[in-house]
Structures are given as C-alpha cells and as structure tokens.
Number of protein chains: 2
Amino acid sequence: MQTPADEARQLASAQNFRHMKAGGFDMVSSKDVAKYAGVSQTTVSRVLNTPDRVKGPTYKKVMAAIDALNYIPDANARSLVQQKTDTIALISGPLYNPFFVETTTSIVNYANENGFKINVHFSKNENITDTYHSIFENKVDGIILSSILLDDPIFEKLEKSGIPFITYNRKHASNKNFVEMDNEQAGFLAADYLLSLGHDAICWVGGPLEISTFKGRYDGFLRAFQKNGVAVEQERVFLTDTSKEQLHETFLKMEMLEEKPTAIHAATDAIAIQMMDFYISAGYRVPEDISIIGIDNVEIGQHASINLTTVGISSTANLGQLAIEKLIDMIHQKNKPCIQITKAVRLFERKTTIERRRV
Amino acid sequence: MQTPADEARQLASAQNFRHMKAGGFDMVSSKDVAKYAGVSQTTVSRVLNTPDRVKGPTYKKVMAAIDALNYIPDANARSLVQQKTDTIALISGPLYNPFFVETTTSIVNYANENGFKINVHFSKNENITDTYHSIFENKVDGIILSSILLDDPIFEKLEKSGIPFITYNRKHASNKNFVEMDNEQAGFLAADYLLSLGHDAICWVGGPLEISTFKGRYDGFLRAFQKNGVAVEQERVFLTDTSKEQLHETFLKMEMLEEKPTAIHAATDAIAIQMMDFYISAGYRVPEDISIIGIDNVEIGQHASINLTTVGISSTANLGQLAIEKLIDMIHQKNKPCIQITKAVRLFERKTTIERRRV
DNA sequence: CGTGAAAATGGTTACGTAACCATTTTTTAT
DNA sequence: ATAAAAAATGGTTACGTAACCATTTTCACG
C-alpha cells in the first residue's frame, strides 16, 4: 500500500535525478535509471534491448523508472559501442531537377521506414570534398549517391573507405554497384523519334560527357542519327551546365543559329522543361513552332499543362527506390554482391512533339 | 637522412596499425596516431582542434602519422564528450508539394554550409511518434519543422526536450519561434481578387483547419466575402487531405455541384496545380472555363506553361531559409529570444484567372 | 530435499574523443 | 645566471551505452 507520503518522496526522488543542463532539462542516463530503479545499468540496457531476459517485476520497475525520469537512450553512445550509426548519407543532385525530388522522397522514406536516418547533401558540381569529409567523420553505415563522374577520383576513396555504397542514375566507370536506366537506348529512342517525325535541324542540349547519363544519352543520340543516315552538326550540340542561367545562355545561342532548330533533344526532362519555358516566354508555341523531347519521365512532365514527350523507365520503378533497397540489403547482409541494374526504357509520346511541317 | 630500409620499416609500421575490420580497413583511432607519432593522444587531439598550442615539429609529426594511417576522427565519439551533435532534424512536408522542395533545398544547403548535418524526415500526416523518437534519441542540436497542428500535443514534448526548435510555414498556437507568411491576408487577397473579377461561384479547396496555414487562409477567404457582401456557401468549401487521390475526389464532387464553380481558390499552389491538371485533363480550359488561384508562389507556378496566379511573400525570401538561419543563431547563442516572423504578402497576377464572362 | 542446469542479474570494460589537471620544457625578465 | 612565467605536452577521466564475463537466484528433476 502506497501512502501519499510515499508518493511525495518518490516524486522528490525523481526531481533529484533531473540535472539541470545548459539547454534545459534532461540528460538522464541509463545509470540514473538504474539507480532509481535499484538495479544495475546492465539490467536497464537489457530491459530495452533484450526484455525477454528480464523478469516481469524487474522489467516493470525499470520501465517505471524510465517513465519517471523521462529517460531517452543516447543513440550516439550506442553507435560508439556498436560501431554502427544506423545512418545513411545521401548525395543527391539539386531538387530543382524534379528527377531528384522523386528519388529523394523514395530514398528518405524507405530508409526511415527501415530504421535508418538519412543525412542529405545536395551537390551541384562534383567538387565536394567537404561533404565527403563530413560523411567519413560520421561513420555512416552506407552511402547512396548520384553525383559522380565517370572517372571521378573520389571513387577510389569511397572504395577504400570500406563503407557500402551504391550509385543511382549516374555511375562511375569502375562502379560495382549501381542502378541506372539504359541511357544509350533512351538517347537513341528520343532522337530516333524526332527523326521519324521529319526533324533534322535537331539541337542536343545536355551536360558534360564526363557524366555517365549524358555520355550514354548522347551516344544513343549519335546512333540514331547514324541509323537514319543523318549527319550530326556540331554547332547544334550544346554541352552545358544544367543551371537555369547556363541553359538560358544556351537558348540564346540557339536563337542565333543560322538555321534555327525545329526540335530539341534535351538530355533530361529538367532541361526540357526549362527550355520549354524559355521558348514559350519568347513567344514560340510548343510543339507547333518547336518540338521538345526529354528523358527521365518525371512526374511534373505528365501535368496536363506541360505534357512533355519523353523517354523513361518502362516499369513504374524509381531508380532511387531501387538503389536504397539494395543498399540496405548490402548493409544488413555483410556479403557484398554486385548490384548492376540497368532498367529498360520506352518512349512516352505526349504533346510537346509534332511532325515537322515542311515549309 | 632516411635510408630505403627506414622507409620500408616505416611502411610496415603503418601497415601494422591498420586493423582489418568486418567491413574493410580502418577504424584507426587517435590513440593509434599518437603511438605512431610518438606523442600522447591528447596532443593528437590538440593538433586537430587547437593547432596553435602545438609546436611546429610536433604538429608535422602528428600530421604525417594522420596521413600515413589515413586517420579520420570519429564525429560520434566527439559528440559524446562534447554533448552536441552538429545535427539538425528537419521535419518537412512531402516534396510533391513544390513549396517544400524549395524550403528543403534552402534548409539543407544553408545548414551544410554552416557545418551542420541535416536529418530529413518527410511527414504526410502528423502521426509521427516514431520520427520524434528517433530525433530525441539522436540528441540533435536543433529541430526545424513544418508539420505541426495548431494544438498539436507533440508541442509540449518539444518544449520539454529543451532542444531549440523553430517552425516554418505552419505554427503551433503557443509557438515561441516561427516563420510564416501572413496567411490571413494571403487568403483575403486571393479571394478578394477572384471576387473583383466578378466570380461568385467560388470553390475553396484547402486542408484541415487544425493547421495554421489553412486556418489563416480560410479566415482571410471569409473576410473577403464579408467585405464584398457575398455569402459563403458551405457546399463550395472543401476541406480535404492534400493527396492527389483526395484532391481527385474533391474534383469529382465539384463536378457534381448543381452550380459548377467559375473559380477555385486553392489554399496552396500545390493544390491549385493539381486541380489545374484535373480540369484540363477533363477538357476544361484554364482560365476561360475556370479560374484558379493558389497561395505560396512556388517556382514551378511561374513556368510559362502553368503561369499560376497566386499570392506569395512580397520579398524574394524563402520561409525555410529564414527559419534555418534563425535556428542556427539560436543554437549558437544560448539565449533564446522569440523569433516570430510573419512575412507580408502580395498578389502575383498571372494567367490562370480571368474576368467572369456573364452568360 | 539436494543437485545441477538454466535463468536472472551484476560488475567491469571498451568504444574514441575532448576536458581537465599535472608535469615538463621553453621563454622572458631581472 | 636564475627565478618566474608561459608554452608545450602528458596522464587520467568522463561521456552513455552494450559486450562480456562473473555471480547469484530460480527452477527442474531425481
């Protein structure tokens, strides 16, 4: 039987265990809980991690203490002793590219659902030593990244670190684990489609060929021209940074061409959508005045106001989702098989492309 | 003078310091570096943290050892002893709302530039005990969040935790620190504008009024009707979940109305853009057949193909950016002033609204 | 009821770092 | 040259947890 006095004493006791700290209350440790419950710290740990190995009454005592003291275990301390952080680093491309919006969503949600925290980093270029510094210091359990060049020197460091990692979208020349789409075929399908519509003044707008996606898509673009017996004119090939500003420069350059393009093959939907904006703002009609095709099949491209013709993965898969699933597998089962997934692609015919009017 | 034999010995020595671990190499500690360099662990720590207090030769010796052993300090261990993690938790709304794309970008980039890691969480509803569990266990230095209800019970726990936190976009009824737009005025401006265009069959589409943004915007909507002497008909008010599926349900319900709306006031641009998609896909023309206005002034709404009329912050500020700046201030200077920022708004007249044709 | 096995609990240690205090070395001022 | 001060370095500890081994308690069985 518990008297009011007992209760009061117990309450006072709980108060005493609350050390005031700089920020506010708390910083109650499992030691405090142990003392309060009259057991050893080891037992407190067991209550939380292997409750089966603790007798009913003990369990209740400890849980009561945890409640009374408002104890929250410290994941950092646990990481230190267990040598794992339950954290995955994500190095994504910028979100102004809708492709990364979708992959980031999938990656973060899937990881969180599976008990992993995600440290996010957005990188525009590949000059991100600071980012890797932070990632390596944090001893993350895995790394999922897109931002890498075909011959990126960081790759060696990644391998040497021993941390499981996988790339999505892009890959490195020596990549063991990656999830990509069939970039070459994507480029081919898009270009072949434009050619089949009768276009020949086609501009290619893409990023640097040191990046696997751009390289593959450009190669496919070339193959389509070859197959159709059309020559690629170098002045219509624009390799540019994918920022809005640089794309606007590119737009202006295309406007200066002697023979203006009747179609644009953008290496990504993000580029396509941005170019659409420039053209429409300049008074052009899409597709009547200019056809535009992208690659990636991003969600926003399916909006009725945009209706972007594009090439994308045949299935409804999401490269980020696939990659994070594999990465977490790799983290769990210590054996590391090669994950090399190249998803098949197909054309999504929509409303930004039209047969060339012969004038 | 160093002979080849010396070099070889040194190399062998370095090798010996590399303990093979489960995953791969490494797990070199500052102790290993100390032994290798012939100094104390304390000195190694000093070389990294207060190099001024170390003599030149010692510094060089230690740096050489760090290099030779490929030593990377363990941020977790540092966190444990320093009682800070240099980590901020972000609880954002889902990225299919473009508003959160922009805020997330700003928050992650600014935090990373200032030496903080960001743990991202996307939440659709407010039922996220697991998320908070993880956040509290990780002893983050600060929390920046949008997902909160006006009377959210989690608020009390946040306060009690003693962790600095700030909300952006939304706020709690008792919030000490928040960054929002003038939601009431935004709702007012949008509704008043539609009314000024001659619309009266206006549908409101928004989320639950337990959320400050929706509540404020709806209140403003009501005020505009009152000011214009127009009655709000309850059957034209749709309070719904903002998922694509639920919005489609709403669209179907609007189609069933006896008197179909001539204009839609969406509580957010995300809703507006989604409704646009449904209407155009169903064969309507925007704005000729139906006017649509949003709130937030998201980037994609400015695209030439969408051109969404909307209400947004007058300045080019970004609520997420403002909030993360303030939060990091709060973390650095231990005093915690009240950050209560309500940004002024204005109308952005674009192409999804038109004067009502009197039939 | 006694004995051995199993279950429950406790004590000690390590994880890797920075804080703290102690000691040694160097510099400065006389 | 010497004392005092300053600089440089080292030893020990704590941070909070789980692993590991030791001890005690409980239980089953003959």
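Chain A is the first sequence line, chain B the second, and so forth, proteins listed ahead of strands; every chain is numbered from 1. From a predicted model like this one, the values you see are computed outputs, not experimental measurements.
Considering only the side chain of B:Ser40, D:dG10 comes nearest among C:dC15, D:dG16, D:dG10. Closest to the side chain of A:Arg46, from the set D:dT9, D:dA18, C:dT9, is C:dT9. Picking from D:dC20, C:dA18, C:dA19 the nucleotide with the shortest atom distance to the side chain of B:Arg78 gives C:dA18. Closest to the side chain of B:Ser29, from the set C:dG10, C:dT17, D:dG10, is C:dT17.
When heavy atoms are screened at a 4.0 angstrom cut-off, B:Val44 is found touching no nucleic acid atom at all. Within 4.0 Å (heavy atoms only), B:Thr58 reaches sugar-phosphate atoms of the nucleic acid but no base atom. When heavy atoms are screened at a 4.0 angstrom cut-off, B:Val54 is found touching the sugar-phosphate backbone but no base atom. Residue-level contact check: B:Asn49 touches the backbone only, with heavy atoms under 4.0 Å from sugar-phosphate atoms and none from bases.
Ring orientation note: the planes of B:His172 and B:Phe155 are close to parallel, at an angle under 30° on the 30°/60° scale.
Straight-line distance from the OH atom of B:Tyr71 to the P atom of C:dG16: 10 Å, rounded to whole Å. With rounding to whole Å, B:Lys84 atom NZ is found 18 Å from D:dA14 atom C1'. Summarising the geometry, the separation between CZ on A:Arg53 and C1' on D:dT26 is reported as 17 Å, rounded to the nearest angstrom. For the pair B:Lys139 NZ and D:dG16 P, the interatomic distance rounds to 9 Å; values are reported in whole Å. The nearest whole Å value for the distance from the NZ atom in A:Lys55 to the C1' atom in C:dA6 is 13 Å. Note: CG (A:Leu48) to P (D:dA18) measures 7 Å, nearest angstrom. The CD atom of A:Gln83 sits 13 Å away from the P atom of D:dC20 (whole-angstrom rounding). In this structure, B:Gln41 atom CD and D:dT13 atom P are separated by 14 Å, rounded to whole Å.
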Check the pair A:Asn177 / A:Phe165 against side chain to side chain contact (heavy atoms under 4.5 Å, CB included), numbers first and verdict last. CA-CA 7 Å; A:Asn177 305 293; A:Phe165 71 97; 6.0 Å; no
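OP1 or OP2 of C:dA18 lies within a sub-4.0 Å distance of a side-chain N or O belonging to B:Ser45. Residue A:Ser30 places at least one side-chain N or O under 4.0 Å from the OP1 or OP2 atom of D:dT17.
A donor-acceptor contact shorter than 3.5 Å is absent between the side chain of B:Thr50 and the backbone of B:Asp52. A donor-acceptor pair is defined here as one N or O able to donate and one able to accept, closer than 3.5 Å; no such pair exists between the side chain of A:Lys176 and the backbone of A:Pro337.
With sequence neighbours excluded, the residues satisfying side-chain contact (heavy atoms from CB on, under 4.5 Å) with A:Arg78 are A:Pro73, A:Gln82, B:Glu137.
For the pair B:Asp74 and A:Thr43, both in contact range of DNA chain C, the more 5′-proximal nearest nucleotide belongs to A:Thr43.
For A:Gln82 against D:dA19, a side-chain-to-base donor-acceptor contact under 3.5 Å is absent.
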